[in-house]
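Step one of this worksheet: look at the structure below.
Only heavy atoms go into these numbers, but all of them, side chains included; no hydrogens, no water, no symmetry mates.
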Amino acid sequence: QVQLVESGGGLVQSGGSLRLSCEARSIFGIHAVDWYRQTPGNERELVASFSSGYADTVKGRFTISRDDAKNTVYLQMNNLKPEDTAVYYCRLGDTLIWGQGTQVTVSA
């Protein structure tokens with residue numbers, strides 16, 4: 001079954017770090033996996049992509065990487081801010097294949 005499974009969200013204080021993981025099951029080509037985030041009442045926004053880079057709001061703080069042996073894509077988030085609070089999703093390219101989402105909450 002084609003699936004993206006996320007993990008690694010949680011509660012962290014402002015200035016802290018988290019690493020999100022997105023395991024791709026039965027999927028080849030994880031270089032096309034991107035990270036998005038969504039806050040209540042807003043559309044999902046692209047945060048990090050191997051092909052298009054980073055949103056201006058996270059540039060210099062977030063890093064996307066992958067481990068081909070584990071078929072997993074990561075999002076390292078450093079110097080987190082309260083405005084980074086959101087549900088984070090990974091997505092396979094422009095497809096309808098999304099992960100289930102993982103909550104990231106940054107306290108002031």
Could you tell me whether the side chain of V104 reaches within less than 4.5 Å of the side chain of R37, counting heavy atoms only? no

Interatomic spacing from [atom1] in [X] to [atom2] in [Y] - rounded to 0.5 Å:
X: M77; Y: R19; atom1: CE; atom2: CZ; result: 11.5 Å
X: L20; Y: S7; atom1: CG; atom2: OG; result: 8.0 Å
X: I64; Y: H31; atom1: CD1; atom2: NE2; result: 11.5 Å

Taking atom CD of E83 as the centre, does the number of heavy atoms from other residues, nucleotides or ligands within less than 6.0 Å exceed 12? yes

Take atom CG in N42; do more than 12 heavy atoms of anything else shown fall under 6.0 Å from it? yes

Intermediate values then yes/no, side-chain contact (heavy atoms from CB on, under 4.5 Å), S17 and Q76: CA-CA 7 Å; S17 298; Q76 178 66 44; 3.9 Å; yes

For T105, give me all partners under side chain to side chain donor-acceptor pair (under 3.5 Å), at least two apart in sequence or on another chain. Q103

Residues in side chain to side chain donor-acceptor pair (under 3.5 Å) contact with E6, at least two apart in sequence or another chain: none

Is it true that [X] and [Y] fall in one hydrophobic cluster, defined by side-chain heavy atoms closer than 4.5 Å?
X: Y89; Y: V47; answer: no
X: V33; Y: V2; answer: yes
X: V87; Y: V58; answer: no

Looking at [X] and [Y], would you say the former's side chain and the latter's main chain have a donor-acceptor pair under 3.5 Å?
X: S52; Y: S49; value: no
X: N71; Y: I27; value: yes
X: R61; Y: N79; value: yes

May I have all residue pairs that pass ring pair (Phe, Tyr, Trp, His ring centres under 6.0 Å) and include part of residues 35-74, sequence neighbours excluded? Y36-W98

[X] and [Y]: which non-hydrogen atoms are nearest, and at how many Å?
X: L92; Y: G29; answer: CD1-O, 4.1 Å
X: L4; Y: C22; answer: CD2-SG, 3.8 Å
X: L46; Y: A55; answer: O-CB, 3.6 Å
X: L75; Y: A48; answer: CD1-CB, 3.8 Å

Check K59 with D56, please: is the shortest side-chain N to carboxylate O separation under 4.0 Å? yes

Checking I30 against T72 for the side-chain contact (heavy atoms from CB on, under 4.5 Å) test, could you report, in this order, the C-alpha distance in whole Å, the side-chain angles of both residues, the deciding distance, and whether it holds? CA-CA 7 Å; I30 60 171; T72 298; 5.8 Å; no

